[in-house]
Amino acid sequence: MKRHRPLPSPAPSSTTGTPKPTITHYYSSKKPKTPLLLLPDLKQTPKWIPLNLPKSELYLPLTFPTGQTFRWKQITPFQFTGVIGPHLISLKHSNQTHVSYCLHNNTSQSDARSKLLDFLNMAISLTDLWSDFSAADPRFAELAGCLSGARVLRQDPLECLIQFICSSNNNIKRITQMVDFVSSLGNYVGEVEGVAFYEFPTLERLAEVSEEEHRKAGFGYRAKYIRGTVEELQSKPGGGVEWLMSLRKLDLESAVEALTSLPGVGPKVAACIALFSLDQHHAVPVDTHVWKIATRYLIPELAGKKLTPKLCSHVADAFVERYGKYAGWAQTLLFIAELPSQKALLQSLNETVKDVKPEKIKEEEGS
DNA sequence: CGGTAACCTGGGAT
DNA sequence: AATCCCAGGTTAC
């Protein structure tokens, strides 16, 4: 049996002060506490403002830590903090139900609120969508009952692009490190519970970072992708940011074609950017998880095959055929249900009900 | 055009 | 201990 995890004391970091341990899920209060006696009420007690949303419209733990963004930090199980434009914002569930937000820095309240609602894609009713998906697919209905409130965000295209270039053939932990590095190039906007937050850097700022610096920061071969993409964007006549934003007005195929012209952006990454930032609601990012889902339920005849770029579009088509023009939103839930963390939960939920109806459990044997 | 081998890096399995 | 394999893929032969 393996040795237990070392005690919570900091690892014997060798020489110079290595960066602090990688961020995991929670930021427990190991940080130097502010001296209690010295803080009167003057310290900004955050003002929580209700959003009046049921958790069926927005459930934070199924929206933020699920791979759409690596910029938001989980402060407690039910509070997430991140930056939208210049605004440092926290979101939390009170009573584990309704959602409230607070603004930590001294920016315009009204602008923060409107940008937040936009970021949360609140113009779209998740419950309406899911009722359609459930009608089209009883299996979706079953999952939806357990995992409600998994919403697709509407992120800034540049932020989204850079994040997903980092994500390719990579794991969550390192993606987060890399995104943290890029973020730290932007303007500092404040800290919450010991975690520093930054605006996302501008294209100009990104252009100041060499491939070599990114390599040293641990980007591996993605360093040249970042560099190349930033340069490519800067060469766009009307400006790179404007060019990216203009993709929101194109159809999905054209948007994907434009995106994949950038180095480090293939079909999967392009679909992520399209869905998570460009209003392409039927974009379906096909990765290994989605491939498994698809070959199990949607196109079983392809089970066992290896996932090739060609098959990616086939899978995406199958999703659209089944779920319609918001197929990307359906995919999001199905994807989340595949995550190990959620699977464990679903499993335990299932077992309490299992005894009642054995049904047929044969099907997959395989190999 | 479709199929394959490198590609940075770190952790876990063999 | 040395390798292999894999992780929300893309690129170049």
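So that the names make sense, note that chain A is the first sequence line, chain B the second, and so on, each numbered from 1. All values derive from a computational prediction rather than experimental measurement.
- As judged by a 4.0 angstrom heavy-atom cut-off over every strand, A/Val265 is placed among residues touching the sugar-phosphate backbone only.
- Of the charged side-chain nitrogens involved, none lies within less than 4.0 Å of a carboxylate oxygen, so that A/Glu199 and A/Arg205 do not count as a salt-bridged pair.
- Both tests hold for A/Arg139 against A/Tyr297: distance to the six-membered ring centre under 6.0 Å, angle to the ring axis within 45°.
- Between A/Pro263 and A/Ile175, the residue anchored closer to the 5' end of DNA chain C is A/Ile175, taking for each the nucleotide with the nearest heavy atom.
- Closest approach to the A/Tyr225 side chain among C/dT11, B/dC8, B/dG10 is made by C/dT11 (side chain taken as heavy atoms from C-beta onward).
- Looking at heavy-atom distances under 4.0 Å, A/Phe164 makes no contact with the nucleic acid at all.
- Ion pairing of A/Glu212 with A/Lys216 is absent here, as no side-chain N (NZ or NE/NH1/NH2) approaches a carboxylate O to less than 4.0 Å.
- Atom name C1', nucleotides B/dG10 and C/dT11: the rounded distance is 22 Å, in whole Å.
- Residue-to-nucleotide contacts include a donor-acceptor pair under 3.5 Å from the side chain of A/Tyr221 to the base of C/dG9.
- At a threshold of 4.0 Å, the pair A/Asp180-A/Lys73 counts as salt-bridged, since one of the basic side-chain nitrogens sits closer than that to a carboxylate oxygen.
- Nucleotides B/dC8 and C/dA1, compared at atom P, are 28 Å apart to the nearest Å.
- Residue contacts for A/Arg222: at a heavy-atom cut-off of 4.0 Å it reaches a base atom on one of the strands shown.
- Residue A/Gly67 is classed as a base contact, given a heavy-atom separation below 4.0 Å to a base.
- The NZ atom of A/Lys173 sits 10 Å away from the C1' atom of B/dT9 (whole-angstrom rounding).
- Rounded to an integer number of Å, the gap from NZ of A/Lys305 to P of B/dT4 is 11 Å.
- Distance check on atom C1': B/dG2 versus C/dT10 gives 16 Å, rounded to whole Å.
- Among the atoms of the strands shown, none is found under 4.0 Å from any heavy atom of A/Leu307.
- When distances run from any side-chain atom of A/Ile172 to the nucleotides C/dG8, B/dC8, C/dT10, the shortest one goes to C/dG8.
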